[in-house]
Number of protein chains: 2
Amino acid sequence: MRIGQLARRSGVSVRALRYYEEQRLLESARTPGGQRDYPDEALERVQLIQDLFAAGLSSRTVVELLPCVSTGVATPAMLDQLIIERDRIAARIQDLTRAKTKLGHVIENVTAANVAPD
Amino acid sequence: MRIGQLARRSGVSVRALRYYEEQRLLESARTPGGQRDYPDEALERVQLIQDLFAAGLSSRTVVELLPCVSTGVATPAMLDQLIIERDRIAARIQDLTRAKTKLGHVIENVTAANVAPD
DNA sequence: CCTGAACCTGACGTCAACGTGAGGTATGAG
DNA sequence: CTCATACCTCACGTTGACGTCAGGTTCAGG
């Protein structure tokens, strides 16, 4: 599969895919003419990368954790890092939940004020 | 209260406070000498700004929503925006929860593999 | 062989929320 | 008055994940 097709299938831009390769998050074979040629598994990998980015991990962290995420094999240091990242995500979820609740209250108040200005 | 004290009390940097003013998120009176002089309520406001930033809102959005968040009075457009932002946060929480679960599975697998390599 | 689409490699631009340094002023205790 | 802080206004630097443009190459269909 060439880069354009992978981009369309995964929903990320061609530029992003090249960037992933530059950051060593994604490999590609090359055609004799020098064009990237991806195996089908690349699609899953791109989606995994997107998930990790969406979770707020940096590309540096992702490149460190990708091996164990996809193979299930990790050094103790990698395990520590995994736990750190999971906890960071959990804390972030707490923050967002608080913020959501707060906005919810504001919305309620505003709605009440508009609907029943008294 | 001067800027240094507000910074210490709120936990944000002096630079950040000046930035908030530049973005019209925060006002200040001035001493005859030109130094910023904040009322006590500024502390709450800074904390509110931080909460909204932490929720992933941009300063542009915050400046639009701050009035109704602090006064409880909103135009219909502001209410729409509030709902949009709340839903955005909810979606983000979903993403993060999925990612956290995923990382949790990885951690379980890795731990199992390390503890009981069989 | 020809052509248009898709691809290639640089390399500079973007955006947000500040950090940081320069060079000067205000404040308040002694 | 003096001096140490704290403060002031520019204004450029930083970071991450790409966007975008330039200038050239490869591929596939006819």
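Chain letters run A, B, ... following the sequence lines, proteins first and then strands; every chain starts at 1.
Residue contacts for B:Arg60: at a heavy-atom cut-off of 4.0 Å it reaches no nucleic acid atom on any strand shown. Among the heavy atoms of the strands, none lies under 4.0 Å from A:Arg8.
Contact check, A:Arg18 against C:dC8: a side-chain N or O comes under 4.0 Å of OP1 or OP2. Applying the 4.0 Å criterion to OP1 and OP2 of D:dT26, one finds that A:Thr31 has every side-chain N and O outside that range. Phosphate proximity of C:dT25 to B:Arg30: absent, as no side-chain N or O sits under 4.0 Å from OP1 or OP2. Within the structure, every side-chain polar atom (N or O) of B:Ser58 is placed at least 4.0 Å from both OP1 and OP2 of C:dA17. Residue A:Tyr19 has a polar side-chain atom (N or O) positioned under 4.0 Å from OP1 or OP2 of D:dA17. Phosphate contact (OP1/OP2 of C:dA17, side-chain N/O of B:Ser59, threshold under 4.0 Å): present.
Remark: P of C:dT27 and CZ of B:Arg36 are 14 Å apart, rounded to the nearest angstrom. Separating the CD atom of A:Gln50 from the C1' atom of D:dA17 is a distance of 10 Å, rounded to the nearest angstrom. Here C:dT27 presents its P atom at 11 Å from CG of B:Asp37, a figure rounded to the nearest Å. Atom pair B:Glu21:CD and C:dC18:P shows a separation of 15 Å (rounding to whole Å applied). Look at CD on B:Glu22: it is 10 Å from P on D:dT9, rounded to the nearest Å. One can place CG of B:Leu25 at 10 Å from P of C:dC18, the figure rounded to the nearest angstrom. When rounded to the nearest whole Å, the span between CZ of B:Phe53 and C1' of C:dC15 equals 13 Å. Distance A:Met1 CE to C:dC7 P: 12 Å, rounded to the nearest Å.
Between A:Leu17 and A:Pro32, the residue anchored closer to the 5' end of DNA chain D is A:Leu17, taking for each the nucleotide with the nearest heavy atom. Along DNA chain C, the nucleotide closest to B:Tyr20 and the one closest to A:Gln35 are compared, and the more 5′ of them pairs with A:Gln35.
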Worked check of salt bridge (Lys or Arg N to Asp or Glu O under 4.0 Å) between B:Glu22 and B:Arg18: CA-CA 6 Å; B:Glu22 191 183 321; B:Arg18 295 203 186 104; over 6 Å; no
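If you check distances only, the side chain of B:Arg2 never reaches the base of C:dT27 with a donor-acceptor pair under 3.5 Å.
No side-chain donor-acceptor contact under 3.5 Å links B:Asp37 to the backbone of B:Arg30.
Here A:Thr97 contributes atom OG1 and B:Leu96 contributes atom CG; the two are 9.0 Å apart, rounded to the nearest 0.5 Å. Here the OG atom belonging to B:Ser28 is positioned 11.0 Å from the CD atom belonging to B:Gln35, to the nearest 0.5 angstrom. Summarising the geometry, atom CD1 belonging to B:Ile3 is positioned 10.0 Å from atom CZ belonging to B:Arg15; distances are rounded to the nearest 0.5 Å.
The nucleotide whose nearest atom lies closest to any side-chain atom of A:Arg15 is, among C:dC8, D:dC7, D:dC18, D:dC18.
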